[in-house]
Amino acid sequence: MIEEHKFAPFVRILGKGKTGTRSLTREEAAEAMGMILDKKVRPEQLGAFLMLLRVKEEAPEELAGFADAVRTRYAVGRRIDTDLDWSTYAGKKNRHPWYLLVALCLASHGYKIFMHGAKGHTPGRIYLEDMLSLFKLQPCAAWDEVETELARVGFAYMSIDNFCPPLGEIIQLRSILGLRSPVHTLCRMLNPSEAPNSIDGVFHPAYGPMHQKTAQLLGEQRNLTVKGDGGEAEIRPDAECLLQWVEEGELVEYEWQRIVAKRFVKEDKLDPQTLLSVWQGDTQHEYGEKAILSTLAVVLRLLGEDGEVDDLLKRAEVLWKTRKIDLF
C-alpha cells in the first residue's frame with residue numbers, strides 16, 4: 001500500500017471543492033509552512049498548495065501561521081534597534097521609487113529605517129535594491145551588517161534571499177506559475193527586525209484588510225498598510241489614498257487626501273539618476289517631491305507624530321529641506 005505523503009492533507013483541505021474547501025487554522029498553516037521551509041514538500045505539492053491558496057485567497061489566520069513558522073526558523077536572534085520596518089516587494093513600473101528618498105531623509109534625521117524586499121520577479125519593474133548603489137549603499141548579507149549600517153547611517157536593506165532563502169526561491173516562481181503567490185503577501189508581514197512600527201503596501205484594495213488583520217494577529221501595535229503607487233508604500237499626491245492602520249493593537253481606517261488637484265501624466269522613461277539628482281537638490285521634480293512630502297507626512301504619523309494633515313505636511317517639508325544630503 002502506498003503511504004500518503006504527510007503534506008497531502010494540507011493540499012486536500014484547500015482543494016476539496018466549493019463545499020468542502022476551508023481555510024487552514026493558524027496551527028495547520030504553521031505546520032504546512034514549516035514543512036515547506038524544511039524542504040519536506042515535493043515540487044508538485046508546493047505548486048498545488050500555492051495556487052489553491054491563490055484561488056481561495058489567503059486568510060489572515062493562514063498568513064499569521066505562515067509567519068509563525070518563518071519566525072521560528074529564521075528569527076533574528078536578537079533585537080535589532082530600529083524605528084521602522086519597511087517592506088518593499090512590488091517594484092515600481094510607472095513612477096520612480098520616491099519612497100526610498102523618504103527613508104533616507106528620515107535616516108538623515110536620526111531615525112533608524114530597515115527595509116526588506118525582493119527583486120527581479122516581475123519584468124519591467126524598478127526594484128529598490130537596484131537603486132541602492134546610487135546612494136553609496138549596498139544590500140546587507142547578514143544581520144550583523146544590518147546593525148552596522150543602522151549605526152553608521154540609520155538605514156539598512158536586506159533581501160528576503162538572505163534572511164529567509166526558501167521564501168526568496170518561492171517568490172521567483174512567479175514566472176513559472178504565472179501568478180503571484182501568497183508568499184508575496186507573507187513577506188510583507190514578517191517585520192523581521194521586530195521594529196515597533198511597520199509599513200507595507202498593496203495594489204489591490206481587497207488585500208488591505210487582510211494585511212491589517214494579519215498584523216493584528218501577529219501582535220503588531222503600530223502597523224500601516226497603504227494602497228500605494230504600484231503596490232508600494234508610497235502615497236500618490238494626486239489621488240486619495242486608503243490608509244489601514246493597527247494602532248495600539250486596534251484596527252483603524254481612513255483616507256489620506258490628495259495634495260494636488262490635477263492628475264500627473266505618467267513618465268515615458270524612468271531614469272534612475274533622477275532619484276539621485278532630486279536627492280542632491282540638482283533637479284526639481286514636481287510629482288516626485290509631492291510624493292515624498294505626502295509619504296513622509298504619513299510615515300511621521302506612523303512614527304507617533306500628532307497633528308492634522310497640514311501640520312504633518314509642514315513638518316515633512318522641514319525635514320526634507322534640512323535632509324543631510326552628504327550622508328548618502
Side-chain angles (χ1 to χ4, degrees), residues 84 86-109 111 113-140 149 153-159 199-201 203 226-239 241 256 258-300 313 315-328:
L84 177 63
W86 196 321
S87 64
T88 166
Y89 287 85
K92 297 293 285 297
K93 183 178 180 181
N94 298 311
R95 300 286 186 191
H96 291 87
W98 299 111
Y99 63 96
L100 173 58
L101 302 193
V102 174
L104 298 184
C105 178
L106 287 167
S108 80
H109 285 284
Y111 291 95
I113 313 297
F114 173 67
M115 282 188 162
H116 54 99
K119 68 172 186 175
H121 51 76
T122 305
R125 289 183 178 266
I126 294 177
Y127 293 97
L128 182 133
E129 186 172 337
D130 292 327
M131 302 294 103
L132 296 179
S133 61
L134 291 171
F135 300 91
K136 300 177 288 187
L137 296 167
Q138 294 295 327
C140 297
E149 285 298 279
V153 293
F155 175 90
Y157 171 92
M158 185 186 282
S159 169
I199 186 170
D200 63 272
F203 181 79
V226 179
K227 184 191 176 300
D229 182 64
E232 293 288 4
E234 178 183 298
I235 307 297
R236 287 183 55 187
D238 58 349
C241 181
W256 183 267
R258 66 173 70 191
I259 63 171
V260 179
K262 66 177 182 179
R263 282 294 181 102
F264 287 90
V265 177
K266 294 177 182 178
E267 297 175 65
D268 295 329
K269 183 179 180 181
L270 299 179
D271 181 359
Q273 289 292 331
T274 301
L275 274 182
L276 180 61
S277 186
V278 170
W279 171 258
Q280 294 175 335
D282 297 330
T283 295
Q284 301 296 308
H285 193 292
E286 186 179 5
Y287 178 91
E289 291 174 43
K290 295 295 186 184
I292 289 166
L293 293 179
S294 293
T295 306
L296 185 50
V298 168
V299 174
L300 287 174
L313 285 168
R315 289 177 215 167
E317 187 171 3
V318 171
L319 288 182
W320 177 246
K321 286 182 176 179
T322 58
R323 66 192 182 280
K324 298 178 179 65
I325 294 172
D326 293 340
L327 191 61
F328 300 101

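Bear in mind the structure is a predicted one, so any value in this text is a computation, not a measurement. What you see below is based on every heavy atom in this structure, not just the backbone, and it leaves out hydrogens, waters and symmetry mates.
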Any non-hydrogen side-chain atom of [X] less than 4.5 Å from a side-chain atom of [Y]?
{"X": "Trp98", "Y": "Thr274", "value": "yes"}
{"X": "His96", "Y": "Glu267", "value": "yes"}
{"X": "Glu286", "Y": "Phe264", "value": "yes"}
{"X": "Pro97", "Y": "Tyr127", "value": "no"}
{"X": "Leu84", "Y": "Tyr111", "value": "no"}
{"X": "Val299", "Y": "Trp86", "value": "yes"}
{"X": "Val260", "Y": "Tyr287", "value": "no"}
{"X": "Phe114", "Y": "Met158", "value": "yes"}

### Task
Could you tell me which residues satisfy side-chain contact (heavy atoms from CB on, under 4.5 Å) with Lys136, sequence neighbours excluded, listed by chain and number?
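Listed in chain order: nothing, the list is empty.
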Of the non-hydrogen atoms in [X] and [Y], which two are nearest, and what is the gap between them?
{"X": "Ile113", "Y": "Ala107", "value": "CG1-N, 4.4 Å"}
{"X": "Leu101", "Y": "Leu275", "value": "CD1-O, 3.7 Å"}
{"X": "Gln138", "Y": "Ser133", "value": "NE2-CB, 4.1 Å"}
{"X": "Leu128", "Y": "Tyr99", "value": "CD1-CE1, 3.3 Å"}
{"X": "Leu276", "Y": "Leu134", "value": "CD1-O, 3.6 Å"}

### Query
Between Glu234 and Asp229, is there a donor-acceptor pair closer than 3.5 Å when you use the side chain of the first and the backbone of the second?
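No; zero donor-acceptor contacts below 3.5 Å.
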### Message
Can a donor-acceptor pair be found, under 3.5 Å and without considering hydrogens, that links the side chain of Glu232 to the backbone of Gly91?
### Response
yes
Measuring from atom [atom1] of [X] to atom [atom2] of [Y], what distance do you get when rounded to the nearest 0.5 angstrom?
{"X": "Ser108", "Y": "Ile325", "atom1": "OG", "atom2": "CD1", "result": "9.0 Å"}
{"X": "Met115", "Y": "Leu137", "atom1": "CE", "atom2": "CG", "result": "11.0 Å"}
{"X": "Ile126", "Y": "Asp271", "atom1": "CD1", "atom2": "CG", "result": "9.0 Å"}

### Query
Which pairs count as side chain to side chain donor-acceptor pair (under 3.5 Å) when at least one residue sits in residues 319-328, sequence neighbours excluded?
His109-Thr322, Glu317-Lys321
### Query
Applying salt bridge (charged side-chain N to carboxylate O under 4.0 Å, His left out), which residue pairs with at least one partner in residues 114-132 are found, sequence neighbours left out?
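For residues 114-132, and leaving out neighbouring residues, the salt bridge (charged side-chain N to carboxylate O under 4.0 Å, His left out) pairs sorted by first residue read Lys119-Asp130.
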Can you give me every donor-acceptor pair (side chain of residues 288-298, partner residue at least two apart or in another chain, under 3.5 Å) with its distance?
residue, atom, partner, partner atom, Å
Glu289, OE2, His285, N, 2.9
Ser294, OG, Lys290, O, 3.1
Thr295, OG1, Ile235, N, 2.9
Thr295, OG1, Ala291, O, 2.8

### Task
Evaluate the criterion side-chain contact (heavy atoms from CB on, under 4.5 Å) for residue pair Leu132 and Phe328; output intermediate values, then yes/no.
CA-CA 10 Å; Leu132 296 179; Phe328 300 101; over 6 Å; no
### Task
Would you sort out whether Leu100 and Phe155 count as a side-chain contact (heavy atoms from CB on, under 4.5 Å), showing the intermediate values?
CA-CA 10 Å; Leu100 173 58; Phe155 175 90; 4.0 Å; yes
### Query
In chain order, what residues pass the side-chain hydrogen bond (donor to acceptor under 3.5 Å, both in side chains) check against Asp238, with sequence neighbours excluded?
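Checked Asp238 against side-chain hydrogen bond (donor to acceptor under 3.5 Å, both in side chains); matches are Arg236.
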### Task
Using the test ring pair (Phe, Tyr, Trp, His ring centres under 6.0 Å), find all partners of Tyr89 that sit at least two apart in sequence or belong to another chain.
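With neighbours one apart ignored, the set is His116.
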